[in-house]
Amino acid sequence: MSTNADNVYNLDVARILSPAFFNRPALTVARSLLGKYLVRRIGRKTVAAMITEVEAYDGHLDKACHAHRGKTPRNAVMFGPAGHWYVYFVYGMHWMLNIVTGPKDYPAALLIRGVGKWNGPAKLTKALKINGSLNGKMTGRKSGLWIEDRRVEVPEKSIRRTPRIGVAYAKEWARKPYRFVLARNLDFATAAD
DNA sequence: ACGATGATGAAC
DNA sequence: TTCATCATCGTA
């Protein structure tokens, strides 16, 4: 066990985002997640992909948020502490990956809609073998799913904000610019890594 | 434009 | 217990 190997390991651990990072307003965390890396441990292999698209679901007033109608068995994780995974099943076949934000008892989470080459929330969960067994787990190595800061610079100009997808039923809340998308041509950042 | 496919939550 | 709905995707 060389000193060198230990240093490499420690550097790696240092850039894993801790739950404290997520204990801030959903919109603030959403913006800062662009350019971070979602990292998934699958058996012996580790896959990392840059987060390119995120949506915020912010509190019980937000009519598009699952917590809008109160606490239920499904959305209970959203009412828990930040930095835990909220994974649910929709349309009879798709898993959606969310990370809880903000203080305990304030229900908010971010839906991760795009990472790396995978565009679409159901495509990335399928590719990274993410399902309900992760629901309620804390982000980190122990859960096999975490987020790393790899020091990719994301200028404001590279970010687009739009209404959220597939929530037309939420009336005026559907129009709010709670979707954050990273411009495609940020590939220079990965190349420089 | 539509069907797949099953959990969820609200109503009865 | 029933029923409409659903933070989607692939095919047409």
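For the numbers below, each heavy atom of this structure counts, side chains included, while hydrogens, waters and symmetry mates do not. The chains referred to below are lettered A, B, ... by the order of the sequence lines, with proteins before strands, and numbering in each begins at 1.
Here the C1' atom of nucleotide B:dA7 and the CH2 atom of A:W95 are 9 Å apart, to the nearest Å. When rounded to the nearest whole Å, the span between CE of A:M93 and P of C:dT8 equals 12 Å. Put simply, CD on A:E53 is 10 Å from P on C:dT8, counting in whole angstrom units. Taking atom CH2 of A:W118 as the reference point, atom P of C:dT8 lies 20 Å away to the nearest angstrom. Rounded to a whole Å, the OH atom of A:Y91 is 5 Å from the P atom of C:dT8. Atoms CG (A:L124) and C1' (C:dT8) sit 12 Å apart, rounded to a whole Å. We find that CD1 of A:I112 is positioned 13 Å from C1' of C:dA7, with the value rounded to whole Å. B:dG9 atom P lies 14 Å from atom CZ of A:F89, rounded to whole Å.
OP1 and OP2 of C:dA7 both lie 4.0 Å or more from every side-chain N or O belonging to A:R179. When the side-chain nitrogen and oxygen atoms of A:K126 are compared with OP1 and OP2 of C:dT8, none of them lie within a distance under 4.0 Å.
Between the P atoms of B:dT5 and C:dT2, the separation comes to 22 Å (whole Å).
With hydrogens and angles ignored, no donor-acceptor pair under 3.5 angstrom links the side chain of A:Y88 to the base of B:dA7. Side-chain to base pairing of A:H66 with C:dA7: one donor and one acceptor N or O lie within less than 3.5 Å of each other.
Atoms CG and CH2, on A:L97 and A:W85 in that order, are 5.0 Å from each other to the nearest 0.5 Å.
Contacts of A:M96 with the nucleic acid, taken as non-hydrogen atoms under 4.0 Å apart, involve only primed sugar atoms and P, OP1 or OP2. Contact annotation for A:A64: base contact, defined as any heavy-atom pair under 4.0 Å involving a base atom. Here A:R74 lies in heavy-atom contact (under 4.0 Å) with sugar-phosphate atoms only.
Aromatic stacking of A:Y57 on C:dA7: satisfied, with centres closer than 5.5 Å and planes within an angle under 30 degrees.
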Let's go through A:R164 and A:E55 carefully: what are the C-alpha distance in whole Å and the side-chain angles of both, what is the deciding distance for salt bridge (Lys or Arg N to Asp or Glu O under 4.0 Å) to 0.1 Å, and is it a yes or a no? CA-CA 7 Å; A:R164 292 169 291 186; A:E55 277 177 0; 5.7 Å; no

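Relative to the side chain of A:N98, the nucleotides C:dT8, C:dA7, B:dG9 differ in distance, and C:dA7 lies closest. Here B:dG9 is the nucleotide among C:dG10, B:dG9, C:dA7 with the atom lying nearest to any side-chain atom of A:T72.
Between the A:R31 side chain and the A:F180 main chain, no donor and acceptor come within less than 3.5 Å of each other.
Linking Ile, Leu, Val, Met, Phe, Trp and Tyr residues whenever their side-chain heavy atoms come within less than 4.5 Å leaves A:L111 and A:I147 in two separate clusters.
Across all strands shown, B:dT5 remains unpaired; no Watson-Crick or G-U wobble contact has both distances below 3.5 Å.
Between A:E148 and A:K36 there is no salt bridge, since none of the side-chain N atoms of the basic residue sits less than 4.0 Å from a carboxylate O of the acidic one.
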